[in-house]
Protein chains: 2
Amino acid sequence: MNLEALQKMEGLSLQKTIISKIKDLINYKNLEPGDKLPSERMLSDKFGVTRSNIREAIQKLEFYGILNSIPQSGTFVANIGVIAMNGMIEDILRLEDPDFKSLVETRILLELKTVRLAALRRTENDLKKMKEALDAYIIKVKDGQDAVQEDLLFHLAIAKASGNSTMNTFMLIITPEIITNFEKYHVCDKGLAELGIAEHQAIYDAIQEQNPKLAKQKMKDHFSVLYQYCYNI
Amino acid sequence: MNLEALQKMEGLSLQKTIISKIKDLINYKNLEPGDKLPSERMLSDKFGVTRSNIREAIQKLEFYGILNSIPQSGTFVANIGVIAMNGMIEDILRLEDPDFKSLVETRILLELKTVRLAALRRTENDLKKMKEALDAYIIKVKDGQDAVQEDLLFHLAIAKASGNSTMNTFMLIITPEIITNFEKYHVCDKGLAELGIAEHQAIYDAIQEQNPKLAKQKMKDHFSVLYQYCYNI
DNA sequence: TTCCAGATATTGGTTAACCAGATATTTACA
DNA sequence: TGTAAATATCTGGTTAACCAATATCTGGAA
């Protein structure tokens with residue numbers, strides 16, 4: 001049976017098949033952290049796929065910190081151990097595409113934390129940036145225009161002010177999907193937008209006052225109105 | 001002045017320079033969501049870089065949901081609007097590499113949530129998987145061996161049981177960095193490992209009993225010991 | 001003028017040859 | 001025999017030519 005047929009049978013993409021084979025190879029050869037993988041050419045030959053395919057699979061595993069490539073030298077098993085590697089690859093292979101509910105759930109979690117951290121850590125410059133984003137939002141809403149983008153940019157400014165680059169990155173990753181879904185179902189109406197101004201202002205004020213507890217509460221109120229009213233989440 | 005010199009002066013990588021130029025181009029040409037970008041060949045020509053460079057920059061912007069490429073057709077501005085796009089690209093360009101503190105902070109946030117969700121949503125299969133991970137951890141510890149990897153795999157099993165694919169992905173992203181740092185500073189000693197068994201067991205039990213509040217508390221205890229004792233975070 | 005088939009040009013994706021640097025091997029000399 | 005220099009090989013990365021699908025143009029028929 002050829003590779004293509006095998007993929008179709010198991011419902012796996014080519015990349016996932018290759019990742020799985022790389023995992024098996026590492027186990028079969030008992031490769032330890034720091035050991036070198038066979039060269040890309042050898043792998044592409046062995047698996048009967050193109051070198052590009054191999055490179056893409058390796059790049060994905062690099063993204064998750066499982067391998068790392070060094071130019072003109074080779075690709076190496078990262079310093080995380082075989083057991084963790086096996087478990088993580090299993091997880092990566094089975095990872096589903098995120099649904100909107102999981103995105104919103106994660107967004108709320110992150111925002112309740114970043115707003116608190118922002119209240120604690122915001123610099124004067126952060127404050128200025130947030131104010132700019134807030135003003136842009138207010139102008140758009142008062143003009144009766146859609147302001148989903150300005151809305152999200154205000155929230156991203158908060159994430160940045162949190163001083164936590166990991167959370168900032170994660171917020172950036174989920175934001176476009178949130179925007180797309182918002183615009184797809186064109187969430188809520190103008191009346192709510194007016195309310196949004198007050199809520200955003202309250203969040204901003206709490207951050208300015210460096211009151212983390214109040215900031216978190218105001219953010220909670222904001223989401224409570226937004227999502228429970230619009231979606232019943 | 002050539003491009004290379006400009007980069008060195010501003011301390012930007014080639015990719016960031018290209019991303020910035022793409023942003024400027026979209027603004028200059030007033031491209032709206034759904035509009036087509038100039039072809040890769042044209043861009044590489046215009047910017048004086050190779051097509052590969054352009055492709056990598058586009059792929060990064062695709063990852064963040066700002067562009068999307070369609071084979072044999074073109075690369076298009078995603079449906080998120082110009083304002084959001086500009087703000088997001090600014091953020092992406094200024095994004096710093098995550099420090100360990102921000103990783104730990106994010107990890108704790110995610111784990112306190114996933115453990116709660118896992119207690120609410122875990123299936124029998126999830127439970128089985130968590131038990132396996134827990135047993136593997138216990139065996140390693142009782143044998144006096146280092147068990148960082150098994151530790152993290154137990155936590156990843158919880159993340160999976162949470163039923164939230166976004167949080168699951170995020171946990172996978174930060175895990176290797178956590179492991180590496182743990183092993184680098186070889187966190188804590190055997191005495192703590194014995195305690196770890198009891199803590200993990202308590203977390204597992206709470207999830208099995210479907211008691212979200214208790215599960216969260218036990219996870220909090222776990223981190224309290226782990227990080228406050230070892231790092232003073 | 002409108003419409004549609006066919007030809008042409010353009011697109012992102014793929015491939016194979018090429019590159020510079022790292023590594024392994026051989027050679028030459030002490 | 002040991003060591004260092006020279007050479008050959010192998011590495012991931014880069015590049016330019018190629019591919020098939022798509023979009024656009026052209027010209028003639030209705």
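Remember, predicted model here, so these are calculated numbers, not experimental data. Labels below follow one simple rule: chain letters A, B, ... track the order of the sequence lines, proteins then strands, and each chain is numbered from 1.
The interatomic distance linking A/D45 (CG) with C/dA16 (P) rounds to 12 Å, in whole Å. Rounded to an integer number of Å, the gap from B/I70 CD1 to C/dT11 P is 14 Å. A straight line from NZ of A/K36 to P of C/dA24 spans 6 Å, rounded to a whole angstrom. Atom CD of B/Q72 and atom P of C/dT11 are 12 Å apart (whole Å). Protein atom CD1 of A/I54 is 13 Å distant from nucleotide atom P of D/dT11, rounded to whole Å. If you measure from atom CD of B/Q59 to atom C1' of C/dG12, you get 11 Å, rounded to the nearest angstrom. One atom, CZ of A/R55, and another, C1' of C/dG13, lie 15 Å apart when rounded to the nearest Å. Taking atom CG of residue A/N68 and atom P of nucleotide D/dG12, one finds them 12 Å apart after rounding to whole Å.
An OP1 or OP2 oxygen of D/dG12 is reached within less than 4.0 angstrom by a side-chain nitrogen or oxygen of A/T75. Taking side-chain N and O atoms only, B/T50 has no distance below 4.0 Å to OP1 or OP2 of D/dT14. In this structure, B/R41 does not reach the C/dT10 phosphate: none of its side-chain N or O atoms is under 4.0 Å from OP1 or OP2. Under 4.0 angstrom from either OP1 or OP2 of D/dC10 there lies no side-chain N or O belonging to A/S39.
For the residue pair B/S102/A/T166, the side-chain donor-acceptor check at 3.5 Å is satisfied.
The side chain of B/S73 has D/dA23 as its nearest neighbour among C/dG12, D/dT11, D/dA23. Checking C/dC18, C/dT15, C/dT11 against the side-chain heavy atoms of A/R51 singles out C/dC18 as nearest. In this structure, of D/dG13, D/dT14, D/dA21, it is D/dT14 that holds the atom nearest to the side chain of B/E56. With C/dG12, C/dT11, D/dG13 as the choices, the nucleotide that has an atom nearest any side-chain atom of B/E40 turns out to be C/dG12.
Between A/E62 and B/P71, the residue anchored closer to the 5' end of DNA chain D is A/E62, taking for each the nucleotide with the nearest heavy atom.
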Checklist entry - Please walk me through it: do A/L109 and A/F170 pass side-chain contact (heavy atoms from CB on, under 4.5 Å)? => result CA-CA 11 Å; A/L109 173 70; A/F170 288 170; over 6 Å; no
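Note on B/S52: a base of the nucleic acid sits closer than 4.0 angstrom, heavy atoms only.
With a 4.5 Å cut-off on side-chain heavy atoms, B/Y137 and B/F154 do not count as touching. Put simply, the side chain of A/T75 reaches to within 4.5 Å of the side chain of A/S69, judged on heavy atoms.
Using cut-offs of 30° and 60° for the angle between ring planes, the A/F63 and B/F63 rings count as perpendicular.
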